[in-house]
Amino acid sequence: MSLAAPAPVRTAETGVIVIGSGIAGLSVALRLRPYGRVLLVTKAFLDEGSTRWAQGGIAAALAPDDSPAEHLADTLTAGVGLCDEEAVRVLVDEGPGAVQRLIAHGTEFDRDEDGGIALTREGGHHRRRIAHAGGDATGTEISRALLDALKDTGVDVYEHALALDLLKDGTGRAAGVRLHMIGDGRAGEVVEVRARAVVLATGGLGQVYSATTNPEVSTGDGVALALRAGADVTDLEFVQFHPTVLWLGEGARGQQPLISEAVRGEGAHLIDHAGERFMLGRHELADLAPRDVVAKGIMTRMRETGASHMLLDGRHLGARVWERRFPTILAACRHHGIDPVNEPIPVVPAAHYASGGVRTDLHGRTSVPGLYACGEVACTGVHGANRLASNSLLEGLVFAERIVEALRSDLETPSSLGTPSSTGTAPADVHALIDPAERGNIQRIMTTYAGVLRNAEGLAAAERELRALAEHGADAEQGTDVEPGVPAWEATNLHTVATAIVAAALRREETRGSHWREDFPDRDDTWARHQTIRMTTTGLTTTDLTTTSLTTTGEPR
Ligand code: FAD
Ligand code: SIN
């Protein structure tokens, strides 16, 4: 059984298809709708992506003592030499306006005593520049506001529809998607929707690992779809591990409760089991160093002391601050029997964010004409080797607006996006399905060999084990004992993405940002370049981009 095999039972047409209903997909759909027909497709309920889980907030130079130039400097430092400066400039310059648009769409940020937007700090920021809502429920509020704004706009919505593959026309241009319906009595139905353009906004890939802050839907589908469609994928080795995730014991699996960096921003600090503040002296910002530095600090002290976790001490913040600023985190901790008002919180790093993804230019265009990418699935170049805290929501907003601009000019009919290409062909490649029972196995392989700490031996083992899973899938194909359906497609996507991460991580023989090689512990500036992964008929190939800029490579777009 191959991914391309199910025959379509229904076809439909629209102007532009947007896949994903997080901050990126919702922003594109809302802003694009005045110009033509838009179909928003999402594989679960509308609010089930990472967006609604966001805690700390959204970064932008909003304070009078701040500036886009300072936001730029902090972002470049966090990205350890791999950010595309032009893309970061777009992010920080257009950021404040993007936050204002979010407010215009109904988002209510927390306010200070003077009625201004209350701002907090997180790792790597030298200023208070993170706007938050509901204390630590920023994503829930943004998601609520954007979903409310979507009502009555005329955006068509398919919930419980998984986008598996891109359809292309005879020229190689994106011409639609193949959807697999999941619920509402349509389970198993296959629909081919034709469109003039497709926007991937499918979020992250944290479910590649055993323990992650990401929800169940974050299975890297967009990256896998883009690879199968022949698009370039960049910087995948830079999977960011959030330093402070609630430790739920050895072997905790699935989505784990996050303890926001904003807790440290408001004064909590990390200690070891002897009560020592081990981040002091490691970095000028100590507990508020960029995320990769803090994650490494925690892992190093865990190794030195043989401890399974470290502790985050916020007792001195007091009950009032906990209740007012961090109600979500307080409730999650108490649910698990920890009271942060009276005791330190046990924490460990866990997979959190994909700094890499489908390579785009400054207007979200991928290397496949007609295919755009926005939000966590995209690699715009703003994050480099390590994303600065709270730059992700901002990226989704800023680049959504740019994609809307691009779509209007690329489709050259500002008043109507309504006439799709008439022919759609399925992707030529045939891929073996991975048994969904192997999902846990993929996560184990990635956690053991391609997690926070990596080395050549482990990554080679990961490569071997992942290849063996694929070979087993291919054998099963003869006997068709892998049931095609959403669990198998998600497992297959996870496998594709895992294989790509391992290939990129094995090749990058240095330590930089969130890519930490035990066998190459230093940064090596001969590696100040990006790796691009592409899928060909013989498998995944990895090539180097010899420039740090993703947008000025001179390659055709
Ligand atoms: P998502 O919000 O993840 O949405 C992806 C959508 O795509 C979902 O609707 C999903 O169902 C859908 N989808 C996926 N695959 C398919 C498919 N095959 N077919 C159809 N639909 C599909 N960032 C910040 O800037 N500030 C923060 O404070 C912050 N806190 C965070 C806290 C947590 C716990 C987590 C997990 C992340 C946090 N992040 C934060 C990161 C940020 O939330 C995400 O990067 C961002 O929300 C991603 O938005 P998105 O729209 O790209 O994707
Ligand atoms: C957090 O609140 O610590 C998460 C912020 C982010 O991922 O940007």
Side-chain angles (χ1 to χ4, degrees), residues 17-28 40-60 78 120 122-125 130-133 136-140 142-143 146 158-165 177-180 182 199-207 212-225 240 242-245 255-265 291 294 326 328-329 332 350-355 357 373-378 383 387-397 399-400 486 489-490 493:
I17 300 173
V18 179
I19 309 170
S21 52
I23 191 166
L26 288 173
S27 301
V28 172
L40 182 76
V41 170
T42 194
K43 73 174 172 180
F45 287 108
L46 278 166
D47 68 349
E48 278 191 65
S50 287
T51 297
R52 84 158 148 114
W53 295 95
Q55 292 185 346
I58 180 163
T120 191
E122 290 188 304
H125 292 273
I130 323 287
H132 47 87
D136 57 3
T138 310
T140 306
I142 291 174
S143 190
L146 292 178
Y158 286 0
E159 268 182 321
H160 306 290
L162 178 135
L164 183 61
D165 270 322
V177 284
R178 176 178 288 131
L179 301 177
H180 296 262
I182 301 169
V199 181
L200 282 179
T202 49
L205 48 76
Q207 289 286 330
T212 174
T213 61
N214 290 193
E216 281 278 308
V217 293
S218 303
T219 49
D221 295 4
V223 168
L225 178 154
Q240 183 171 70
H242 196 291
T244 55
V245 170
Q255 188 180 13
Q256 311 289 305
L258 179 72
I259 312 296
S260 174
E261 287 200 344
V263 175
R264 277 174 279 135
R291 204 166 270 181
V294 180
F326 303 115
T328 314
I329 297 168
H352 181 60
Y353 184 81
S355 294
C374 189
E376 189 166 341
V377 69
H383 305 309
R387 172 175 65 94
L388 183 68
S390 287
N391 267 355
S392 172
L393 294 172
L394 188 69
E395 182 193 30
L397 282 178
F399 286 88
V486 170
W489 289 310
E490 283 189 343
N493 288 338

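As the structure lists them, so they are numbered: ligands from 1, and atoms in each ligand from 1. For the single chain, residues carry numbers from 1 onward in sequence order. These values consider heavy atoms only, across backbone and side chains, with no hydrogens, waters or symmetry-generated copies.
Atom 52 (O) of ligand 1 has its nearest heavy-atom neighbour, among His352, Glu216, Glu376, in Glu376.
At least one heavy atom of Gln55 sits closer than 4.0 Å to an atom of ligand 1. Ligand 1 lies nowhere less than 4.0 angstrom from a heavy atom belonging to Gly396.
Ligand 2 places these atoms under 4.0 Å from at least one heavy atom of His352: 6 (C), 7 (O). Numbered from 1 in the order shown, with element, the atoms of ligand 2 that lie under 4.0 Å from a heavy atom of Arg291 read 3 (O), 4 (C), 5 (C), 6 (C), 7 (O), 8 (O). Remark: ligand 1 atoms within the under-4.0 Å shell around heavy atoms of Tyr353 are 45 (O). Each of the following atoms of ligand 1 lies closer than 4.0 Å to a heavy atom of Asp221: 15 (N), 16 (C), 17 (C), 18 (N). Applying the 4.0 Å criterion to heavy atoms of Glu261 picks out, from ligand 2, the atoms 1 (C), 2 (O), 3 (O). Listed by number with element, the atoms of ligand 2 under 4.0 Å from a non-hydrogen atom of Ala389 are 8 (O). Less than 4.0 angstrom separates some heavy atom of His242 from each of these atoms of ligand 2: 1 (C), 3 (O), 4 (C). The atoms of ligand 2 that sit less than 4.0 Å from any heavy atom of Glu122 are 1 (C), 2 (O), 3 (O), 5 (C).
Contact check on Glu395 versus Arg387 returns no salt bridge, with no Lys/Arg side-chain nitrogen under 4.0 Å from an Asp/Glu carboxylate oxygen.
Side-chain polar atoms of Asp47 and Ser143 form no donor-acceptor pair below 3.5 angstrom.
Looking at residues two or more places apart in sequence or on another chain, you find a salt bridge (Lys or Arg N to Asp or Glu O under 4.0 Å) between Arg291 and Glu261.
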